[in-house]
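Worksheet: one structure, shown below.
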Amino acid sequence: MDRRGDIIRFGSDGWRARYEDGFDAEGVARVADGLGLVWSDAAPGTVVYVGFDTRHESRELARLAAGILSSYGLVVRVSDVACPTATVGWSCARDEQACGAIMLTASELSCEYGGLLVRGADGGPVSRRFLDEVEQAISLAPPESRGAFEECDLVGPYLKDLASVVDGGAIARRAPRVVVDAMYGSGTTHLARLLRDLGCDVVEMHVEPREDFGGIHPDPVEPWVDACEQAVVAQGADMGIALDGDADRAAVIDERGRLLPARVLVPMLLGDLVMGHGIHGRVVTTLTCSACIAREALRLGCSITSVPVGFSRIYREVLDADVIMGVEEYGGVCVPTHLRERDGLLVALLAVEMVARSGKSVSTMAEELEGSVGTMCYARRDLRLDAASTQAFRNVLPGLNPGELAGRSPVEVSHADGLRLQFDDDSWVLVRPSRTSSVVRVYAEAPTKQDRDELLTAACSVVRRGI
C-alpha cells in the first residue's frame with residue numbers, strides 16, 4: 001500500500017498507533033524528519049537523546065530516527081540497550097547542550113502498538129505548540145539523508161544517580177526480598193540490577209525477550225499483575241514491584257500478594273519524602289486523584305493543587321520550585337528534584353527505602369496510613385458513544401449544574417475539567433468527555449463501595465440524558 005502523504009497526528013506527548021494501522025519505519029522516518037527540521041531551526045548543532053523499549057523493531061526504528069535527526073546537524077546519542085523513558089529524559093535534563101529527546105515506545109499499551117514519545121530540553125513534556133509545529137513539518141515521504149550518531153551507555157549514569165537519591169545503608173541493612181516484574185518492558189534487568197547493588201534479594205520475572213509480551217499488557221494493574229502477586233507469596237518476598245512497558249510507572253504489591261492502589265501508595269511515598277528526606281512544599285494532583293492523597297498532604301503540612309487530567313497540566317505547576325511531587329490518578333509520580341517527568345524506577349526505589357527504614361511490612365504500613373487518612377473506594381466507568389452523541393454531550397456539559405445527585409447535595413460544582421461534584425464527606429464524582437475519542441469517562445470516590453457505585457450510576461444517567 002502506498003502510504004505517502006498519510007496524515008500523522010500527535011497525542012499529548014507524541015505519536016502512537018497500531019503497527020497494522022501505520023506505525024512503521026516510513027512513519028517514524030517522517031516524524032523524525034519533522035523533529036529534525038524544527039529542532040535544528042530552533043537550536044542548530046545541539047544534542048538529541050534517543051531511547052527505545054523492547055517492542056517489535058524498536059531498536060531498529062530508534063537507529064533510523066537517529067540517522068535522520070543527525071542529518072540535520074544535530075548531535076545524536078542513542079542508548080546502547082533498551083532503556084526506561086526516564087533515562088533519556090534524565091540524560092537530556094543534565095546536558096546543557098541538549099534540546100530534546102525521543103523514545104521509541106508505546107508505554108503500557110499492548111504489543112500491537114508502537115510509539116514515539118518526545119521530551120523537551122529539561123526532560124519533561126514538550127508543549128502542544130511544539131507538537132503542532134512538528135506535525136506541520138512532517139514530510140509527505142520519508143527522507144533519504146542519514147547522518148552519523150553515537151551509541152552510548154545512558155543507563156549506567158542514570159542508575160548511579162538514582163542510587164544516590166535513597167538511603168542505601170538502610171536498604172542494605174534490611175536487605176528486603178523483592179519480586180520485580182518488568183512485564184517484558186524496558187525496565188528489564190535495570191531495576192533488578194539497581195536493587196541488587198543496594199543489597200536487596202531480587203527475584204526477577206517476565207524478562208526474556210517476548211515481542212508478544214507473553215499475552216499480557218505491560219500495564220501494572222489488575223489483571224496483568226496477577227503473576228507478580230502470586231510470585232510474591234510463593235517466594236516469601238517482602239514486596240513486589242511491577243513496571244509498565246517503558247518503566248515510567250510502577251506499582252507495589254504487599255507481602256500478602258495484594259496490589260496497593262494509588263490512593264494508598266502515593267501518600268506512603270509522600271510521607272517518605274517529607275519525613276525521610278526532609279522535603280517540604282506543594283503537591284500537585286489531577287482532579288481525578290483520590291482524596292486520600294490530599295488528606296495525607298495536608299496532614300504532613302503540604303499544600304495541594306488540583307489540575308485537569310493530563311500530565312502536561314501537572315508539568316506546568318512543576319516548573320515552580322515549590323512543588324515536591326506531581327501525581328496522576330493511576331499512580332504516575334513525578335519528583336521534580338530528580339526529573340520533571342514520571343519515573344517508575346524512582347518510585348520503586350522510594351518504596352523499597354520506605355520499607356527498609358520502617359522495619360515494618362508493606363501491609364502494616366498501608367493499614368497505618370488508612371488509620372490516619374481513612375479509606376475511600378475509587379472507580380471509573382467509560383461510556384462508549386458514537387461521535388455525534390459525544391459531541392452533543394460536550395455541547396450541553398457547560399450548562400449542567402445539578403443540585404442533587406444520587407440523593408446527595410454537592411458542596412461544590414466545578415467545570416474545570418468536565419463536570420465535578422464535591423460532597424461534604426470528601427466523596428466526589430467527575431464526568432469528562434475524552435479529548436481524543438468518543439468516550440465519556442465517569443470517575444467517583446466515596447467512603448463505601450455502595451455510595452461510590454450510586455454516584456457512578458447517577459452520573460452515567462446524567463450523561464445519557466444529556467445526549
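Throughout, residue positions are numbered sequentially from 1 according to the sequence presented.
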Sidechain N-carboxylate O distance under 4.0 Å for R59, E151: yes
Ring geometry between W428 and Y378 (parallel below 30°, tilted from 30 to 60°, perpendicular above 60°): perpendicular
Sidechain N-carboxylate O distance under 4.0 Å for R295, D426: yes
Pair D246 + R55, salt bridge at N-O below 4.0 Å: no
Side-chain heavy-atom pair V274, I324 within 4.5 angstrom cut-off: yes
Test side-chain hydrogen bond (donor to acceptor under 3.5 Å, both in side chains) applied to T105 - qualifying residues, sequence neighbours left out: D53
Atom pair CG (L349) and CG (L195), whose distance is rounded to the nearest 0.5 Å: 6.0 Å
Atom pair CZ (F10) and CG (L117), whose distance is rounded to the nearest 0.5 Å: 10.5 Å
Partner of D201 under salt bridge (charged side-chain N to carboxylate O under 4.0 Å, His left out), chosen from R196, R174, R177: R177
Derivation and outcome, side-chain contact (heavy atoms from CB on, under 4.5 Å), residues S312 and R316: CA-CA 6 Å; S312 61; R316 292 170 200 164; 4.2 Å; yes
ring-ring contact (aromatic ring centres under 6.0 Å, His included): pairs with one or both residues in residues 268-304, sequence neighbours excluded: none
Taking every non-hydrogen atom, the tightest pair across M103 and P84: CE-C, 4.0 Å
Distance, nearest 0.5 Å, that separates CD of E296 from CD1 of I304: 10.5 Å
Exceeds 12 heavy-atom contacts within 6.0 angstrom, atom CD of Q450: no
R77 vs D95, side-chain contact (heavy atoms from CB on, under 4.5 Å): CA-CA, chis, key distance, verdict: CA-CA 12 Å; R77 295 174 181 150; D95 186 344; 3.1 Å; yes
R384 CZ: over 12 foreign heavy atoms closer than 6.0 Å: no
Side-chain H-bond candidate by donor/acceptor type, T457 with R381, under 3.5 Å: yes
Plane angle bin for Y158 and H338 - parallel if under 30°, tilted between 30 and 60°, otherwise perpendicular: tilted
Nearest non-hydrogen partners of I241 and A250, listed with the distance: CG2-CB, 4.3 Å
Residue pair M183 / A242: nearest heavy atoms and the distance that separates them: SD-CB, 4.4 Å
Minimum heavy-atom distance A459-V431, with the two atoms named: CB-CG2, 3.8 Å
Check ion pair R282-E317 (N to O, under 4.0 angstrom): yes
Steps toward side-chain hydrogen bond (donor to acceptor under 3.5 Å, both in side chains) verdict (T375, R263): CA-CA 9 Å; T375 300; R263 65 173 176 81; 5.0 Å; no
Side-chain touch E229/E222, heavy atoms, less than 4.5 angstrom: yes
Any C111 side-chain heavy atom under 4.5 Å of H56 side chain: no
T85/E341 under side-chain contact (heavy atoms from CB on, under 4.5 Å): CA gap, chis, key distance, verdict: CA-CA 9 Å; T85 293; E341 250 293 356; over 6 Å; no
F311 and Y315 aromatic ring geometry - parallel, tilted or perpendicular at 30°/60° bounds: tilted
Pairwise distance CD1(I68) to CG(L35) - rounded to 0.5 angstrom: 10.5 Å
Worked check of side-chain contact (heavy atoms from CB on, under 4.5 Å) between R63 and F149: CA-CA 8 Å; R63 290 171 61 85; F149 55 87; 4.0 Å; yes
V327 vs I314 side-chain heavy atoms within contact, under 4.5 Å: no
R258 backbone acceptor or donor facing D254 side chain under 3.5 Å: yes
4.5 Å side-chain heavy-atom contact, L162 and W90: no
Check: V347 and L269 side chains under 4.5 Å, non-hydrogen atoms: yes
Shortest non-hydrogen separation from L430 to D417 and the atoms involved: CD1-O, 3.1 Å
Point-to-point distance, once rounded to the nearest 0.5 Å, from CG of L369 to CZ of R299: 7.5 Å
Shortest non-hydrogen contact from R16 toward A106: NH1-O, 3.8 Å
Reported CG-to-CG distance for the pair L339 and L346, which is rounded to 0.5 angstrom: 9.0 Å
R432 and E329 ion-paired at < 4.0 Å: no
Any D244 side-chain heavy atom under 4.5 Å of P218 side chain: no
Within-4.5 Å side-chain heavy-atom neighbours: V48 and C99: yes
Short side-chain donor-acceptor distance under 3.5 Å, E204 and T189: no
Presence of salt bridge, R249 and E328, under 4.0 angstrom: no
